[in-house]
Amino acid sequence: MSADLILETRRLEKNFGGVRALASVSFGLERGELRCLIGPNGAGKSTFFKCLTGQIRLGHANGRVFIRGQDVSGWSAYQIVRLGVGIKTQVPSVMNGLNVEENLWLSARRVNDRDATRAIVAEVLEQMSLEDIARREVGELGHG
């Protein structure tokens with residue numbers, strides 16, 4: 001395994017009754033790489049991501065998932081989230097009642113201490129040019 005490989009799957013298999021959603025999917029993602037999965041409805045894209053994030057738990061016979069070299073096959077979603085891995089679904093969701101900065105804080109704080117979280121939130125606000133709306137409640141803003 002390459003030192004830069006941050007995500008790897010080996011022979012992922014998933015069936016739903018008689019429907020085979022994943023058939024021996026082996027995949028690798030290196031640090032800094034950007035990949036997209038495309039395909040028609042029912043091709044297995046969502047199933048693949050749910051296996052990566054523990055939303056669908058894998059038995060040992062269903063293949064393996066590695067994050068930064070650590071075998072996370074069979075882990076719960078909350079354990080994988082603690083490694084900083086999650087899904088952003090097609091339907092945007094934010095925490096209404098909180099402002100932009102607070103929404104970012106919740107995401108960053110899951111896997112960082114207070115000081116690191118503060119720095120990350122400031123960096124994201126600057127990178128995304130959100131400083132002017134950082135204190136606005138997200139329910140007041142358009143998103144998508």
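Rounded to the nearest 0.5 Å, atoms CD1 (Ile133) and CE (Met128) are 9.5 Å apart. Distance check: Asn62 CG to Ser24 OG gives 11.5 Å after rounding to the nearest 0.5 Å. A distance of 10.0 Å separates CD of Glu102 from CG of Leu104, quoted to the nearest 0.5 Å. In this structure, CZ on Arg64 lies 4.0 Å from CG on Asp71, to the nearest 0.5 angstrom. Interatomic distance, OG of Ser46 versus CD of Gln55, reported as 9.5 Å (0.5 Å rounding).
Between the side chain of Gln70 and the backbone N or O of Ile67 there is no donor-acceptor pair closer than 3.5 Å. A donor-acceptor pair is defined here as one N or O able to donate and one able to accept, closer than 3.5 Å; such a pair exists between the side chain of Thr9 and the backbone of Val25. For the pair Glu137 (side chain) and Asn99 (backbone), a donor-acceptor distance under 3.5 Å is absent. Of the possible polar contacts, none joining the Arg31 side chain to the Asp4 backbone as a donor-acceptor pair under 3.5 Å is found. A donor-acceptor distance shorter than 3.5 angstrom exists from the side chain of Asn103 to the backbone of Met95, with no hydrogens or angles considered.
Ion pairing between a basic and an acidic side chain is recognised when a charged N comes within 4.0 Å of a carboxylate O; Arg35 and Glu33 show such pairing. With respect to Glu8 and Arg10, a salt bridge is recorded, a charged nitrogen being found less than 4.0 Å from a carboxylate O.
Residues forming a salt bridge (Lys or Arg N to Asp or Glu O under 4.0 Å) with Arg109 (at least two apart in sequence, or on another chain): none. Considering only residues two or more places apart in sequence or on other chains, Glu126 meets the salt bridge (Lys or Arg N to Asp or Glu O under 4.0 Å) condition with none of them. Scored by the side-chain contact (heavy atoms from CB on, under 4.5 Å) test, Ala134 finds Glu101, Leu125 as partners (sequence neighbours excluded).
Cluster annotation: Leu29 is connected to Ile80 through the hydrophobic network of ILVMFWY side chains, with a link wherever side-chain heavy atoms come within less than 4.5 Å. Cluster annotation: Phe48 is not connected to Ile56 through the hydrophobic network of ILVMFWY side chains, with a link wherever side-chain heavy atoms come within less than 4.5 Å. If you chain together hydrophobic residues whose side chains sit under 4.5 Å apart, Leu130 and Leu98 never meet in one group.
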Practice problem: Could you go through the side chain to side chain contact (heavy atoms under 4.5 Å, CB included) check for Val81 and Arg110 one step at a time? | Solution: CA-CA 8 Å; Val81 163; Arg110 295 284 302 149; 3.9 Å; yes
| request: Decide yes or no on side chain to side chain contact (heavy atoms under 4.5 Å, CB included) for Leu12 and Phe27, but give the supporting numbers first. | output: CA-CA 9 Å; Leu12 287 188; Phe27 175 85; over 6 Å; no
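Between Leu22 and Glu13, the closest side-chain pair of non-hydrogen atoms is not below 4.5 Å. Looking only at side-chain heavy atoms (C-beta outward), Val138 and Asn96 come within less than 4.5 Å of each other. Put simply, the side chain of Val85 does not reach to within 4.5 Å of the side chain of Leu52, judged on heavy atoms. The closest side-chain heavy-atom distance from Trp105 to Arg114 is below 4.5 Å. Looking at heavy atoms from C-beta onward, Val65 lies out of side-chain contact with Trp75 at the 4.5 angstrom threshold. Looking at Arg135 and Val100, their side chains never come closer than 4.5 Å, going by heavy atoms from C-beta outward. Side-chain contact check for Thr117 versus Val121: some heavy-atom pair is nearer than 4.5 Å. Side chains of Arg68 and Leu83 form a contact here, defined as non-hydrogen atoms less than 4.5 Å apart.
A cation-pi arrangement is absent between Lys45 and Phe49 under the rule of less than 6.0 angstrom and at most 45 degrees off the ring axis.
Pairing each heavy atom of Gly63 with each of Ser73, the nearest pair is O-OG, 3.9 Å. Nearest heavy-atom pair across Ala116 and Asn112 is CB-CB, 3.9 Å.
Within 6.0 Å of atom CZ in Arg136, more than 12 heavy atoms from other residues, nucleotides or ligands are found, so the atom counts as buried in its surroundings.
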